[in-house]
There are 2 protein chains.
Amino acid sequence: MTASTVLDEAELLERHGVLPSAQRLAIAQYVLRTDEHPSADQVFAKVKRALPMVSRATVYNTLNLFVDKGLLRAHVLAEGKVVFDPNLAPHHHFIDEETGAIHDVPWSALAVSNVDALEGFDVHEYQVVLRGKLK
Amino acid sequence: MTASTVLDEAELLERHGVLPSAQRLAIAQYVLRTDEHPSADQVFAKVKRALPMVSRATVYNTLNLFVDKGLLRAHVLAEGKVVFDPNLAPHHHFIDEETGAIHDVPWSALAVSNVDALEGFDVHEYQVVLRGKLK
DNA sequence: ACGGACCTTAGACTGTGTCTAAAGCGAGAC
DNA sequence: GTCTCGCTTTAGACACAGTCTAAGGTCCGT
Ligand SMILES: [Mn+2]
Ligand SMILES: [Mn+2]
Ligand SMILES: [Zn+2]
Ligand SMILES: [Zn+2]
């Protein structure tokens, strides 16, 4: 994986109009592959292990750039932090009330009816947000 | 309304185990009747008009107390602020992407199927969060 | 080499929410 | 009527997420 992974990440960034740099690649290699829904400061902590001199501002700038360029989505699902999600397909979220962990729920696992018929609202996107404990 | 409204609020607080004070009543009279989904600092701004000496700490303490006592629900629907909602019945939320305004969507307006059959998740509550523009 | 565009950096700054320590208040006890 | 004790309120300090600024670094094209 290693060498070809980095090349693939560079290509992916370029295809989305993002010039690859060492910092952007290090951030991409973690955040575009995780299923942890990390916050910006969690990304910062992870990336510092691979690239100790990276700055907090660069991590925030890069995550926001990735969102703008369509490489990542940002979600607000709990108090106090935005989380980043490389899963670009529509899906729902389950939040473990005991740990705060966020789990993806496939779009096909649930069905929401009547969205198009809602009076007065022109809905661009929606998701079901579920809370509970793991079974 | 006015005089009997205050009495009703005091009774409501007492029934939920909250000792009524002038500050708590002033906060209750706004936040338990609004449909604006205000943030704590929006509540603070409103309540200061009626009770100019009220402190920010009291507003935060009181809103959290109301949530603990089941008079209010707190929601995190956008970055950077918790909003408070006196509508205790299950319902969904539509967020106007242009203004950030939050609108209630009645539970009966949508139907979510298959929640109970989700593998691995013991769901305690859920809601649909919709974003778009007003029609 | 040089210039210029773009990127990264440290740290200051802002806004939301919590905590602390001291003062205020009010319903009984006397 | 005053005391007292628990509860409430207050101002401001504090903690943390996120943004901004100003300065310096990097990468190319010439
Ligand atoms: Mn952002
Ligand atoms: Mn809270
Ligand atoms: Zn997700
Ligand atoms: Zn609501």
Quiz item: Do the charged groups of A:Arg33 and A:Glu9 touch, with an N to O distance under 4.0 Å?
Solution: yes

Quiz item: How many Å lie between CD on A:Gln23 and P on D:dG24, as a whole number?
Solution: 18 Å

Quiz item: When the distance from CG of A:Leu25 to C1' of C:dC7 is rounded to whole Å, what number comes out?
Solution: 13 Å

Self-check item: Rounded distance (Å) that lies between atom C1' of D:dT9 and atom CD1 of B:Ile27
Solution: 10 Å

Exercise. With DNA chain D as reference, determine whether B:Leu51 or A:Val83 sits nearer its 5' end, using the nearest nucleotide of each.
Key: B:Leu51

Exercise. Return the value, rounded to whole Å, for the distance between atom CZ of A:Arg56 and atom C1' of C:dT9.
Key: 13 Å

Quiz item: How close do B:Ala109 and A:Leu118 get, heavy atom to heavy atom, and via which atoms?
Solution: CB-CD2, 3.8 Å

Quiz item: Touch check for B:Thr58, heavy atoms < 4.0 angstrom, all strands: base, sugar-phosphate only, or nothing?
Solution: base

Cut-off 3.5 Å, no hydrogens considered: what does the side-chain donor-acceptor table look like for residues 38-46 of chain B, sequence neighbours left out?
unit_1: B:Ser39; atom_1: OG; unit_2: B:Gln42; atom_2: N; d: 3.2
unit_1: B:Ser39; atom_1: OG; unit_2: B:Gln42; atom_2: OE1; d: 3.3
unit_1: B:Asp41; atom_1: OD1; unit_2: B:Arg56; atom_2: NE; d: 3.3
unit_1: B:Gln42; atom_1: OE1; unit_2: B:Ser39; atom_2: N; d: 2.9

Quiz prompt | Nucleotide C:dG17, atom P - distance to CG of B:Asn64 in whole Å | solution = 9 Å

For nucleotides 2-6 of chain C, print each protein N/O atom paired with a nucleotide N/O atom at under 3.5 Å, atom names and distance only.
none

Quiz prompt | Derivation and outcome, ring-ring contact (aromatic ring centres under 6.0 Å, His included), residues A:His103 and A:His37 | solution = CA-CA 8 Å; A:His103 298 270; A:His37 298 85; 8.3 Å; no

Quiz item: Would you call A:Arg73 and A:Glu125 a salt bridge, taking side-chain N to carboxylate O under 4.0 Å as the test?
Solution: yes

Practice problem: Compare all side-chain heavy atoms of B:Phe121 with those of B:Val115 and state whether any distance is below 4.5 angstrom. | Solution: no

Quiz item: In whole Å, what is the span from the CG atom of B:Asp68 to the P atom of D:dT8?
Solution: 13 Å

Quiz item: A:Ala57 side chain: which of C:dG17, D:dT9, C:dT9 is closest?
Solution: C:dT9

Quiz prompt | Whole-Å distance separating the CG atom of A:Asn61 from the P atom of C:dT8 | solution = 8 Å

Quiz prompt | Dot-bracket encoding per residue of DNA chain D, Watson-Crick/G-U cut-off under 3.5 Å, | denoting interstrand | solution = ||||||||||||||||||||||||||||||

Quiz item: Which whole-number value in Å describes the distance from B:Lys48 NZ to D:dT10 P?
Solution: 12 Å

Quiz item: Which listed nucleotide (C:dC7, D:dA11, C:dA10) is nearest to the side chain of A:Ser21?
Solution: C:dC7

Quiz item: Can any side-chain N or O of A:His16 pair as donor or acceptor with the backbone N or O of A:Glu14 at less than 3.5 Å?
Solution: no

Quiz item: Taking all non-hydrogen atoms of both residues, which atom of B:Pro20 and which atom of B:Ala10 are closest, and how far apart?
Solution: CG-O, 4.2 Å

Practice problem: Evaluate side-chain contact (heavy atoms from CB on, under 4.5 Å) for B:Leu134 paired with B:Phe94, printing each intermediate quantity in order. | Solution: CA-CA 9 Å; B:Leu134 291 178; B:Phe94 174 89; 4.0 Å; yes

Quiz item: Quick one: which of C:dG17, C:dC19, C:dT9 gets closest to the side chain of B:Tyr60?
Solution: C:dG17

